[in-house]
**Student:** 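Handing you this structure, nothing more for now.
In this chain, numbering begins with 1 at the start of the sequence shown. Quick caveat: nothing in here was measured; it's all calculated off a predicted structure.
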Amino acid sequence: MNSSAAPEPVGSAPSSSPASASAWALLDALVAVGVSDVVVCPGSRSQALALAAAELAASGRITLHVRIDERVAGFLALGLGVETDRPAVVITTSGTATANLHPAVLEAHHSRVPLIVLTADRPAEAHGIRANQTTKQDDLYGFAARLAVVVEAPTGADGEQDAARDLAQRAYRAATDVLDPGPVHLNLAFREPLSGSFDPVVAGATPDVPVETDATAEAPLYPGRPHLVLERGPRTLVVAGHHAGPAAEQLAADGGWPLIAEVSSGSRFGRNVIAAYRELLREDDYREAVERVVVFGHPTLSREVPLLLQQPQVETIVVAPAGAEVYNPGRRADRIVSSVSVEVGPADRAWLGAWVVGSRERVVDPSPAAPDLDGLHSTTPAERLASVRAELDAVRLPVTREVLVDAVWRATWPHDRLVVGASRLIRVADGLVPGRKISVHANRGLAGIDGTIATATGIALASQADGGPGVTRVLLGDLAFLHDVGAMLLDDGVAPRLQVIVGNDGGGTIFDALEVAQSAPGALFDRVQYTPQHVRLESLATAYGWEYRSARTRTELDQAFTAPVTGPVLIEVPLPRA
């Protein structure tokens with residue numbers, strides 16, 4: 001473009017392509033209202049959006065992430081949203097690319113994570129004639145989208161860029177609605193030329209003034225859900241499911257009540273945490289003594305909790321300040337409220353004490369038994385040698401699931417991030433680890449194994465941006481790892497401090513707990529449920545350029561967690577099937 005030409009009004013991007021002009025206006029406005037991360041997947045129909053994103057990254061206004069797998073891209077954007085509480089934008093071309101985002105969109109919907117999806121599309125005249133890479137993309141994500149808008153292909157007409165800016169504000173508001181945040185879908189048609197030269201400097205940028213959204217205002221209460229003050233009398237349990245937040249721990253502390261806090265609840269800290277709650281709820285003396293349960297978040301890790309909530313003698317109060325859907329097994333909650341507090345008065349120490357003591361008695365110490373070292377001071381050489389051998393045998397014991405979970409939990413600090421996959425290990429952790437105020441995430445909206453590594457990568461990149469400290473650890477099983485192995489392909493030059501810890505028991509041992517596992521023919525069950533695998537994880541690490549470590553003993557595990565982390569590391573921990 002001739003630099004001596006008179007500048008056009010702000011936002012009127014001079015371009016030989018209406019696609020580029022509209023793409024720039026939309027993304028520029030999204031950045032102005034608060035978007036800081038854009039994930040791009042390569043494609044032809046989406047090139048105007050991708051190139052505009054690249055221009056924004058080159059000028060330092062966004063962080064750009066590029067992925068070749070749309071499913072990985074979707075979960076990467078999800079992880080960015082989890083960590084920042086702001087929607088990341090993910091861009092795809094048309095066709096199957098759009099469908100590959102569906103798992104991440106569903107998880108964002110059920111977990112209420114803000115996300116903005118921009119799918120490129122063919123113009124109207126290309127539909128219904130079997131044009132290449134053309135399918136029905138409008139309303140593709142159905143109920144999951146907080147807002148779904150179909151935008152016809154721009155023609156360069158007056159007002160198109162203003163409309164794009166208005167749409168950006170609508171999209172951001174919908175994604176960050178404090179009462180029900182979640183995914184937004186903009187389906188954007190483009191005609192040839194699919195991109196063209198334009199000068200974003202001359203075009204001008206929308207001033208970075210965050211749009212006024214519900215998220216920037218004082219949080220309102222969901223309609224019809226009041227605050228409730230609880231009387232102290234009934235024997236009460238506080239249950240904190242996924243993303244319950246610290247309010248659950250605060251209520252348990254204020255009331256002096258036992259706290260069932262799942263590992264990804266954000267409430268698993270304090271002295272009231274009951275780790276062995278499953279075992280206790282299976283016992284009549286504990287279960288039948290419960291008179292009231294107060295539920296926060298989305299419990300997903302046990303059968304005992306929903307069964308308890310459906311007992312006729314139990315009063316159930318669900319705390320749900322946001323979201324049209326609430327956790328309500330059997331649809332028999334007595335009250336659904338936005339918040340709770342407890343009246344002033346003495347706590348029932350005997351009630352809490354019984355649960356705390358009962359839990360301590362049932363939680364098994366995962367550490368191997370300490371060897372008898374008295375012989376080290378013996379004057380008899382044989383006794384000293386025996387003590388040394390006993391000590392070596394102890395540190396060389398194979399790692400169990402309990403030892404692995406305990407080691408990961410102890411290695412993680414408040415400045416770190418821990419992501420736990422939908423594997424057997426998250427249930428082991430839920431029944432074992434003590435209270436600790438650390439940041440734990442899991443994709444529990446639908447509790448699928450999809451996108452665990454990609455989500456963790458997004459969390460790592462966001463938490464470590466601008467020099468943020470800490471390491472992001474991912475604890476998952478081998479099937480969840482293999483399901484998302486494509487997420488190991490990272491941007492050139494981008495190396496988050498990420499430890500992916502794979503408990504490798506050769507298949508889906510979580511299914512061994514199914515009732516049918518005891519009656520189904522072993523070979524048939526193994527083929528379709530256990531699904532044995534023999535992948536060489538070290539070779540995968542080499543192929544993707546990751547550091548690799550194997551930890552077969554507790555000593556090797558501790559060494560892996562204390563070693564400096566400067567980039568992505570794959571830690572394989574062989575485990576027995578049993």
Side-chain angles (χ1 to χ4, degrees), residues 36-37 63 65 75-86 88 111 113-114 240 242-250 253 259 261-271 273 275 297 403-421 425-426 429-430 432-444 452-476 487 490-491 493-502 546-547 549 551 557-571 573:
S36 60
D37 290 86
T63 301
H65 314 268
F75 280 100
L76 175 68
L78 179 84
L80 291 164
V82 165
E83 181 65 26
T84 65
D85 287 325
R86 296 191 305 270
S111 288
V113 176
H242 177 60
H243 275 188
E249 191 279 335
Q250 185 65 57
L259 172 63
E262 295 185 349
V263 290
S264 64
S265 64
S267 313
R268 199 176 180 110
F269 58 94
R271 295 179 295 179
V273 173
V403 167
L404 172 58
V405 163
D406 179 67
V408 172
W409 194 256
R410 292 177 185 276
T412 304
W413 295 92
H415 59 273
D416 296 326
R417 302 291 185 269
L418 176 59
V419 180
V420 189
L425 292 168
I426 193 172
D430 194 54
L432 172 69
V433 297
R436 196 173 194 189
K437 199 167 187 178
I438 57 179
S439 179
V440 183
H441 178 73
N443 285 339
R444 302 305 298 177
T452 309
I453 302 172
T455 302
T457 302
I459 291 172
L461 290 169
S463 64
Q464 296 165 23
D466 302 321
V471 173
T472 296
R473 293 187 176 87
V474 191
L475 178 63
L476 74 174
L490 304 173
D491 271 0
V494 179
R497 296 186 300 277
L498 181 66
Q499 288 181 330
V500 175
I501 305 147
V502 183
W546 285 42
E547 181 184 346
R549 288 176 174 269
L557 203 56
D558 291 339
Q559 290 172 347
F561 292 149
T562 55
V565 180
T566 58
V569 183
L570 176 61
I571 302 174
V573 184

**Student:** Can you find a heavy atom in the side chain of Phe561 that is under 4.5 Å from one in the side chain of Val408?
**Tutor:**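 The answer is yes, as the side chains (C-beta and beyond) meet within the 4.5 Å cut-off.
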
**Student:** To the nearest 0.5 Å, how far apart are CG in Asn443 and CG in Leu78?
**Tutor:**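 These two atoms lie 5.5 Å from each other.
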
**Student:** Does any N or O in the side chain of Arg268 come within less than 3.5 Å of the main-chain N or O of Val273, such that one atom is a donor and the other an acceptor?
**Tutor:**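 Absent.
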
**Student:** Taking the side chain as C-beta and beyond, is there a heavy-atom pair between His441 and His243 under 4.5 Å?
**Tutor:**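 Yes - at least one pair of side-chain heavy atoms lies under 4.5 Å apart.
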
**Student:** Do you know which two heavy atoms are closest between Ala456 and Val474, and how far apart they sit?
**Tutor:** CB-CG2, 3.2 Å

**Student:** Using only atom types and a distance under 3.5 Å, with no angle test, would you say the side chain of Arg271 pairs donor to acceptor with the backbone of Ala253?
**Tutor:**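 Answer holds: no.
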
**Student:** Supply the atom-to-atom distance Ile426 CD1 to Arg444 CZ, rounded to the nearest 0.5 angstrom.
**Tutor:**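 Spacing of CD1 (Ile426) from CZ (Arg444) equals 4.5 Å.
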
**Student:** What are the two closest heavy atoms between Pro496 and Leu461, and how far apart are they?
**Tutor:** CB-CD2, 4.0 Å

**Student:** Is there a side-chain contact between Leu404 and Leu475, using heavy atoms and a 4.5 Å cut-off?
**Tutor:**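 Answer yes - side chains close enough.
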
**Student:** Picking from Leu425, Ile453, Val420, what satisfies side-chain contact (heavy atoms from CB on, under 4.5 Å) with Leu476?
**Tutor:** Ile453

**Student:** Tell me the closest heavy-atom pair linking Ile459 and Gly79, and the distance in Å.
**Tutor:** CG1-O, 3.4 Å

**Student:** Identify the two heavy atoms, one from Ile571 and one from Ala551, that lie closest to each other, and give their separation to 0.1 Å.
**Tutor:** CG2-CB, 4.4 Å

**Student:** Less than 4.5 Å apart, any side-chain heavy atom of Ile438 and any of Asp416?
**Tutor:**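 Side chain of Ile438 against side chain of Asp416, heavy atoms only: no contact under 4.5 Å found.
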
**Student:** Please report the closest heavy-atom contact between Leu259 and Ser267, naming both atoms and the distance.
**Tutor:** CD2-O, 3.4 Å

**Student:** Are any non-hydrogen side-chain atoms of Leu432 and Trp409 less than 4.5 angstrom apart?
**Tutor:**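 Counting from C-beta outward, Leu432 and Trp409 never come under 4.5 Å.
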
**Student:** Enter the distance from Leu557:CG to Ile501:CD1 here, rounded to the nearest 0.5 Å.
**Tutor:**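 Nearest 0.5 Å value for the CG-CD1 distance: 7.5 Å.
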
**Student:** For the atom pair CG (Leu80) and CZ (Arg86), what is the distance rounded to the nearest 0.5 Å?
**Tutor:** 9.5 Å

**Student:** Which heavy atom of His242 sits nearest to which heavy atom of Ser264, and what is that distance?
**Tutor:** ND1-OG, 2.9 Å

**Student:** May I have all residue pairs that pass side chain to side chain donor-acceptor pair (under 3.5 Å) and include part of residues 460-469, sequence neighbours excluded?
**Tutor:**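 Residue pairs passing side chain to side chain donor-acceptor pair (under 3.5 Å), neighbours aside: none found.
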
**Student:** Measure from the side-chain N and O atoms of Arg473 to the backbone N and O of Ala411, and report whether any donor-acceptor pair falls under 3.5 Å.
**Tutor:** yes

**Student:** Is any side-chain heavy atom of Thr457 less than 4.5 Å from a side-chain heavy atom of His65?
**Tutor:** no

**Student:** How many angstroms lie between CD in Glu547 and CG in Leu498, if you round to the nearest 0.5 Å?
**Tutor:**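 It comes to 12.0 Å.
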
**Student:** To the nearest 0.5 Å, what is the distance between OG on Ser439 and CD on Glu83?
**Tutor:** 6.0 Å

